[in-house]
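Accompanying notes for the structure given below.
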Amino acid sequence: MVQAGLYTGDVLPPMGADVARRLLRIKRLAWVLDAAFRVPGTRFRVGLDALIGLFPGGGSALMGLVSLYIVWEAWRMGMSRGVLARMVANVVLETAVDTVPVAGDIFDAAFKANLRNVALIERELNGRR
């Protein structure tokens, strides 16, 4: 029996309900982590990742673990090894640089590894037929 796929908009091809649910969940999480709050007087956005990363003694490590959840969900959705490797590299880079006081926090707010990783997932899903 053939089951019709679920459309999630103009960008992505049909996909199963499980993949669509996972994608929606990680998109929401990435938004909260990287862009939930607008800096007053600017168009620049930051998220919980940048704010919690300001706390010394584990804020960056904690947020790195949360970011790895997105990678884990990508693995569960069947992303290729290349995409998973790029996603892990994004998280490791952001977490490592974020340990540097002030400059790391600025990099963390600008780099937005989680939104980059969601874009990688969407690009991979868009390439599937």
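Taking 4.5 Å as the limit, some side-chain heavy atom of I26 sits within range of a side-chain heavy atom of M77. The closest side-chain heavy-atom distance from L24 to R28 is below 4.5 Å. Within the 4.5 Å cutoff, the side chain of Y69 has heavy atoms near those of the R25 side chain. Counting only heavy atoms from C-beta outward, the side chains of W31 and N114 never approach each other to under 4.5 Å. Looking at S67 and D49, their side chains come closer than 4.5 Å, going by heavy atoms from C-beta outward. No side-chain heavy atom of R86 sits under 4.5 Å from any side-chain heavy atom of R116.
Closest approach of T99 and A96 over heavy atoms only: OG1-O, 2.5 Å. Annotation for A30 and V118: closest pair CB-CG2, 3.6 Å, computed over non-hydrogen atoms. M87 approaches N117 most closely through the heavy-atom pair CA-OD1, 3.2 Å. Taking each heavy atom of A109 and V46 in turn, the nearest pair found is CB-CG1, 3.9 Å.
Residues I70 and L93 do not share a hydrophobic cluster, clusters being chains of Ile/Leu/Val/Met/Phe/Trp/Tyr side chains in contact below 4.5 Å. Connection of V88 to I121 is established within a shared hydrophobic cluster, with ILVMFWY side chains joined at heavy-atom distances below 4.5 Å, either directly or through further cluster members.
Taking the six-membered ring where tryptophan is involved, the planes of F107 and F111 are essentially parallel, since the angle between them stays under 30° and well short of 60°.
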